[in-house]
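Right, one structure below, let's go through it.
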Amino acid sequence: MTGGAKDVILLNQVYTTYEGADLPVIQDVSLHIKPGEFVVIGGPNGAGKTTLLETIAGLLPVVNGSVTVCGHDVVSDGCTARKKIGYVIQNFDFHPFTPFTVEEVVLMGRYGKIGWLKRHSGYDMEKVTSAIDNLGLTLIRHNQIGKLSGGQQQKVLIAQNLAKEPEVLLLDEPFSNLDMVTREEVSNLLCEIADGGIPVLIVSHAFDALPNRTIRVLVMQNGKIILNQQSDPSKVGNLVRTASVAA
Amino acid sequence: MLEFLIPNNVLCHAVEAMLFASLGCALLSVLITQMNISSIGFTMSHAAFAGGSVGAFFGFAIIPSAIFISILTAFLMGPLSDRTRMHTDTTLGVLFGTMMAVAIFFIALMQGTGKGFEASSLLYGNVISLYREEIYALALITILIIVFLIAFYKEITAIVFHKRIAEIAGIKVRPIYYGILFLISIMVAISIPIVGGLLLYVWLVTPAAIAYQFCNTIKRMFIMAPLIAIIISVTGAVCGIMYSLPVGPLTAVVFSAFFVGSVAFSPKRKVIFHKH
């Protein structure tokens, strides 16, 4: 893949590390993602898939190279970049009595865009309602998030990121807690988002849930990208398996 | 401030001090309990206690000394955990022990140098002999906490919910987080002469712990925790002075009794069985 003016995500020879780690977790990764691309990141546990998403979101220190999202350097201008990035994290554990409702959590996705010392507007609430409805959470919008099932909580976090109106969407294991029907619904929703021009990057092991469209497959191993190619959704699982075994 | 309501000067000062201390501490208690930073609050309150003891021993003003050590500790905690590569709780445990030891050491020395009354005030607090300036300082920091909470309410609630998710939303987490630590440092330092270094933590945790038993949203907690704290603290101050009982310990015990009652009657523990 070659870089160009239209690249929304641009990684150039990137090395990232966690605080306190002895060696960089991501090593010499270069990547160019264009609008509307649907990217699946696969590979064995500990390969650096989540770290790659965190690097793109500007949540980790970059020790070498540069990461640009929507024209913003995620290291020097991370907050501005993150206002344009939707990122559904993998590990969340909400206490059953966490004092926040579904609606409040979804609204939080817009807080960065609203800015300091301002209250949310009618437009913000419109976006929240639309995201809640899209994910089928209307009936539980006033319920406490901690009392929902893992799958419902996952949907709330996806809704939170949709309400944000992201220009880039990153999802870490978005299908892991979802039932078969919801998987298909979420998969179709992500497909619509990508068709609308927003690049979608997902880390997943659930290759059966992928949408029926051209998919770019990245396979990672030991912090490096060992495979980067376009594929049919039905062949993604095999590609990932073969590349991981060959490495 | 409340002389028009309470003509007795001593009682008036005590009520004013308890009113502001409980209001400020209770608001912070919601943040401390919901952000799971109880260990940080615990360490900072004892750092303020140590600072106050060192200041009192060397003849410096207690509050500035307490503020200095408390803020210093707040800003040392993060880097120290990174350097030692230990879990933050372990580092805080070491810091807490050190601060407690420093405080007790200087309090023990003060008792041998004719400063026994000051030492006892640092340990258990003293609402009777407060200066007017101390009450003004308390009022000021309490107003500052309220203004901070109102101004940055959405950022604070997002951080309380999940620090990482708040960061992803594009919120500048660090300045708000350090702002919260800074306010805790100042509040604990100014409250030490009133409720004492040993008991202060009751005001920084228990109001929110009680409110949590009855509230489903954080907004309600921010309203209920201060109300509970004000009612218990002011009642404690009035009863303590009227019946010549130590105000700080008496109020702390009442707080604990209310907590036990709140757990017993909390609707959160009710199990609902649906009949089909």
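Within every chain, numbering begins at 1; the chains are lettered A, B, ... in the order of the sequence lines, protein sequences first and strands thereafter.
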Original post:
Using non-hydrogen atoms only, which part of A:L107 is less than 4.5 Å away from chain B: side chain, backbone, both, or neither?
Top reply: neither
Subject >> Options A:V105, A:L157, A:N161, A:I85, ranked by heavy-atom pairs under 4.5 Å with chain B, top entry >> reply: A:V105
Original post:
At their closest point, which heavy atom of B:G170 faces which heavy atom of A:C79, and how far apart are they?
Top reply: O-SG, 3.7 Å
Original post:
Is it true that atom CZ of A:F94 has more than 12 heavy atoms of other residues, nucleotides or ligands lying nearer than 6.0 Å?
Top reply: yes
Original post:
What residues form a side chain to side chain contact (heavy atoms under 4.5 Å, CB included) with B:S262, not counting sequence neighbours?
Top reply: B:I210, B:Q213, B:F214, B:F259
Original post:
With side chains defined as the heavy atoms from C-beta onward, is the minimum distance between A:R82 and B:I171 less than 4.5 Å?
Top reply: no
**OP:** Look only at the side chain of B:K154 and the backbone of A:K118, and say whether a donor-acceptor pair between them is shorter than 3.5 Å.
**Re:** yes
Subject >> Engaged part of A:V88 at the chain B interface, taking heavy atoms whose separation is under 4.5 Å >> reply: neither
Original post:
Using the ring of each side chain (for Trp, its six-membered ring), is B:F161 parallel, tilted or perpendicular to A:F100, with breaks at 30° and 60°?
Top reply: perpendicular
**OP:** For chain B, find which of A:T101, A:L117, A:T80, A:I114 contributes the most heavy-atom pairs closer than 4.5 angstrom.
**Re:** A:L117
**OP:** Would you mind checking which part of B:I165 comes under 4.5 Å of any heavy atom in chain A, side chain (CB onward), backbone (N, CA, C, O), both or neither?
**Re:** side chain
Original post:
For chain A, which of B:K172, B:K219, B:M221, B:R220 has the most heavy-atom pairs under 4.5 Å?
Top reply: B:K172
Original post:
Side chains of B:I168 and A:L59: does their closest heavy-atom pair fall under 4.5 Å?
Top reply: yes
**OP:** Evaluate the side-chain proximity of B:Y153 to A:R119: yes if any heavy-atom separation is below 4.5 Å, no if none is.
**Re:** no
Original post:
In this structure, are over 12 heavy atoms from other groups packed under 6.0 Å from A:N222 atom CG?
Top reply: no
Subject >> Candidate pair A:E54 and B:R164, rule salt bridge (Lys or Arg N to Asp or Glu O under 4.0 Å), full reasoning >> reply: CA-CA 11 Å; A:E54 289 181 337; B:R164 196 27 69 111; 3.2 Å; yes
Original post:
Is chain A contacted by the side chain of B:I176, its backbone, both, or neither, given a heavy-atom distance below 4.5 Å?
Top reply: side chain
**OP:** Select one option (side chain, backbone, both, neither) describing which atoms of B:Y212 are under 4.5 Å from chain A's heavy atoms.
**Re:** side chain
Original post:
Side chain, backbone, both or neither: which part of A:I89 has a heavy atom under 4.5 Å from chain B?
Top reply: side chain
Original post:
Which atoms form the tightest heavy-atom contact between B:N216 and A:Q144, and what is the distance?
Top reply: OD1-OE1, 3.3 Å
Subject >> Atom group of A:H120 that falls short of 4.5 Å from chain B, counting heavy atoms >> reply: neither
Subject >> Partner chain B: residue of A:G146, A:G112, A:G78, A:P99 with the largest heavy-atom pair count (under 4.5 Å) >> reply: A:P99
Original post:
With a cut-off of 6.0 Å (strictly less than), are more than 12 heavy atoms of other residues, nucleotides or ligands near CZ of A:F97?
Top reply: yes
